[in-house]
Amino acid sequence: MAGKGIRIEGLRKRYGSGDTAVDALKGVDMHVEPGEVVGLVGPSGSGKSTLLKSLGAVIDPTAGRMTLGDEVIYDEGWKVPDLRALRRDRIGFVFQAPYLIPFLDVTDNVALPPMLAGVPNTEARKRALDLLMALDVQHRAQAMPSQLSGGEQQRVAIARGLVNHPPVILADEPTAPLDSQRAMAVIRILNDMAKKYETAIIVVTHDEKIIPTFKRIYHIRDGVTHEEAGEGRGFD
Amino acid sequence: MISLAGRDILHAWGKFVFTGVGLGLLIGVTLVMAGVYRGMVDDGKALLDNSGADLWVVQQDTLGPYAESSSLNDDLYRAILAMPGVDRAANVTYLTMQVRQGERDARDVRAMVVGVAAGAPAGTPGTPPYLVAGRQITRGHYEAVADVATGFRLGDTIKIRRNQYTVVGLTRRMVSSSGDPMVFVPLKDAQEAQFLKDNDAIWQSRRRTGENPAFNRPGAPGVLDAVIASQSSNNFVNAILVRLEPGADPDETARSIHRWKRLTVYTRAQMESILVGKLIATSAKQIGMFLVILAVVSAAIVAFIIYTLTMDKIREIAVLKLIGTRNRTIAAMIMQQALALGAIGFAVGKITATFTAPLFPKYVLLVPQDSIIGFFAVLVICALASVVAIRMALRVDPAEAIGG
Ligand SMILES: Nc1ncnc2c1ncn2[C@@H]1O[C@H](COP(=O)(O)OP(=O)(O)O)[C@@H](O)[C@H]1O
Ligand SMILES: [Mg+2]
């Protein structure tokens, strides 16, 4: 990843065409350094999800340029041959709801991304356990997702997002279902992980409780971003 | 990589087992239906095998005696016996009817009453080749040998038309082509049973004959009695069963009987093709229709269940795709679940069929070959049924996992 994190330049996204076309992103510029957690805030319909989906390679942007680490992944068109592998190996996702796979236990939920990448089961599980340990949920390693509390589920989901050590984590309102204490815990974990694994993390949020924790915040409104210095307060 | 399908099945095993049992009962019915057909064919073959005949001589241009009615004079067998290549020839009559047990007992059994020459030496075609109890018919009247499937026991008194018979022997696996057990009685009795009219009819017929001046001539008093005697006796049989001398060619002998006696003669192979190809052909088609319907219903059940199970997992599938799962892996997961459902269903069905087959009134013959075909048919049906769910799963957009 060579110290570059995420760089987005002039990103545009138009849904539909003709009279019904919606310009959801109108030239977004954004950068996140490795080890940094930035906030992305904005009202509903401002384009936050569209930005995450573009960066997450699940929708095609209309124009602009995106760089992950050293590699230009999008420049007026995708520059990587296999978007599925890009998502699997280089991007971690954390969602508002944990969306764990209900029929896999905690360890295998976390071990799934490396397994999908062809890592042998025992090695993948070992990596998963290391992360569960780091996130302090190793005692639930054998449990099924339905047996976990909301906070535990969210930590397992974070572990799954981190397990392939992607240079980028995209978190879509990861604290929405949590009370303020747990929300803070999740943000602290994300910050710790960003530092530990040199990961660039974007956190989409509405959550007033956690906004003051970001050192940098991107405000997005009508498809345009403005950078702002955040308060960068501690988490306790 | 772990088996996603396997984990999902373990997680939702209740659903799989319940659906599998339901599907299994359907498959069980299907296997039994196939067994019914096999049983019919086997009954037909048993009928031919146990008759001990190499040739069936029947009325000219009929498919008798099992598929069509056939009537021959009962003295023709002597002439056939004299033909080259013929070792034994015996008259038989067949009459399917209700045979009552006991004198006033209401119980009756549907049976095929077979008239055979009484006291014939062992190995005469038409007589039961082996007995499980008792002895063969030795007296010319009122003795019977019954198949054990009739439920009759040695010494039982049974009633055929107006006469009582004593069961002196029991045989087994002697059935008609429709699976009814056989009851053997002396030929004379059987001929009478086929012909027997009620007393009023006999009386009226005698009166009519007597009133006919052609039969009742004043100058010839014996004519009327002779005519009445010929009217009230039956000298016909349904077929002559022939056993060939060792080394005799069945086709050759059949041809010469046909040529010299102008009777229709069937060999064992021809008789089998009449039974299987004509007599039970309609039943076979009927069963075939049922098999098609059952296959469609099973496919619909599997498709519906797999579709519902997949619908419940749309969100998980979107997440799996987002984190980089191949479409192939997801399709395989769904397909494997459908196949697993089929395998559970087949196991349940096979067990059900095996345990219920003996309870059916007709012979149900489960042949391994049908099970093997059935197993692969189930797998193919399940695989096809999962296609709808797979198509839906492949259309799931990974962007859905991120939300709006
Ligand atoms: N699939 C889509 N088709 C058409 N318009 C869309 C689609 N997704 C989002 N939009 C529009 O794009 C704009 C930005 O939406 P979105 O990125 O979901 O905003 P946010 O996540 O900030 O609420 C909205 O006006 C929304 O209606
Ligand atoms: Mg949104």
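The chains referred to below are lettered A, B, ... by the order of the sequence lines, with proteins before strands, and numbering in each begins at 1.
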Non-neighbouring partners of A:Lys13 that pass side-chain hydrogen bond (donor to acceptor under 3.5 Å, both in side chains), sequence neighbours left out: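 side-chain hydrogen bond (donor to acceptor under 3.5 Å, both in side chains) list for A:Lys13, sorted by chain: empty.
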Kindly list each side-chain donor-acceptor pair under 3.5 angstrom involving residues 99-111 of chain A, sequence neighbours excluded, with atom names and distances?
{"unit_1": "A:Tyr99", "atom_1": "OH", "unit_2": "B:Arg315", "atom_2": "NH1", "d": "3.3"}
{"unit_1": "A:Tyr99", "atom_1": "OH", "unit_2": "B:Arg315", "atom_2": "NH2", "d": "3.4"}
{"unit_1": "A:Asp105", "atom_1": "OD1", "unit_2": "A:Thr107", "atom_2": "N", "d": "3.3"}
{"unit_1": "A:Asp105", "atom_1": "OD1", "unit_2": "A:Asp108", "atom_2": "N", "d": "2.8"}
{"unit_1": "A:Thr107", "atom_1": "OG1", "unit_2": "A:Ala141", "atom_2": "O", "d": "2.7"}
{"unit_1": "A:Asp108", "atom_1": "OD1", "unit_2": "A:Arg125", "atom_2": "NE", "d": "2.6"}
{"unit_1": "A:Asp108", "atom_1": "OD1", "unit_2": "A:Arg125", "atom_2": "NH2", "d": "3.3"}
{"unit_1": "A:Asp108", "atom_1": "OD2", "unit_2": "A:Arg125", "atom_2": "NH2", "d": "3.3"}
{"unit_1": "A:Asp108", "atom_1": "OD2", "unit_2": "B:Arg7", "atom_2": "NH1", "d": "2.8"}
{"unit_1": "A:Asp108", "atom_1": "OD2", "unit_2": "B:Arg7", "atom_2": "NH2", "d": "2.8"}
{"unit_1": "A:Asn109", "atom_1": "OD1", "unit_2": "A:Ile101", "atom_2": "N", "d": "2.7"}
{"unit_1": "A:Asn109", "atom_1": "ND2", "unit_2": "A:Ile101", "atom_2": "O", "d": "3.0"}
{"unit_1": "A:Asn109", "atom_1": "ND2", "unit_2": "A:Leu104", "atom_2": "O", "d": "2.9"}
{"unit_1": "A:Asn109", "atom_1": "ND2", "unit_2": "A:Asp105", "atom_2": "O", "d": "3.4"}

Heavy-atom proximity to chain A below 4.5 Å, by part of B:Ala318: neither
Interface moiety of B:Ile9 toward chain A, non-hydrogen atoms closer than 4.5 Å: neither
ring-ring contact (aromatic ring centres under 6.0 Å, His included) contacts in which one or both residues fall within residues 360-398 of chain B, not counting sequence neighbours: B:Phe346-B:Phe375
Enclosure of [X] [atom1] (heavy-atom neighbours >12, cutoff 6.0 Å):
{"X": "A:Lys126", "atom1": "NZ", "value": "no"}
{"X": "B:Tyr307", "atom1": "OH", "value": "no"}
{"X": "B:Lys45", "atom1": "NZ", "value": "no"}
{"X": "A:Arg14", "atom1": "CZ", "value": "no"}

Closest non-hydrogen atom pair between B:Pro398 and A:Arg87, with its separation: CG-NH2, 4.2 Å
Over all atoms of both residues, closest heavy-atom pair of A:Leu116 and B:Gly324: CD1-C, 4.2 Å
Contact leader toward chain A among B:Asp8, B:Val319, B:Ile323, where contacts are heavy-atom pairs under 4.5 Å: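 Looking at each of B:Asp8, B:Val319, B:Ile323 in turn, B:Asp8 comes out on top.
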B:His11 side chain near A:Met144 side chain, heavy-atom distance below 4.5 Å: yes
Side-chain heavy atoms of A:Met115 within contact of B:Ile2, under 4.5 Å: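 The answer is yes, as the side chains (C-beta and beyond) meet within the 4.5 Å cut-off.
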Which of A:Val58, A:Leu83, A:Ile91, A:Leu170 touches chain B most, by non-hydrogen pairs under 4.5 Å: A:Val58
For chain A, which residues of residues 278-301 of chain B have heavy atoms nearer than 4.5 angstrom: none
Separation between CZ of A:Arg84 and CG of B:Asn327, rounded to the nearest 0.5 Å: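 Interatomic distance, A:Arg84 CZ to B:Asn327 CG, rounded to 0.5 Å: 8.0 Å.
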Euclidean distance, A:Ile59 CD1 relative to B:Asp397 CG, rounded to 0.5 Å: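 One gets 9.0 Å once the value is rounded to the nearest 0.5 Å.
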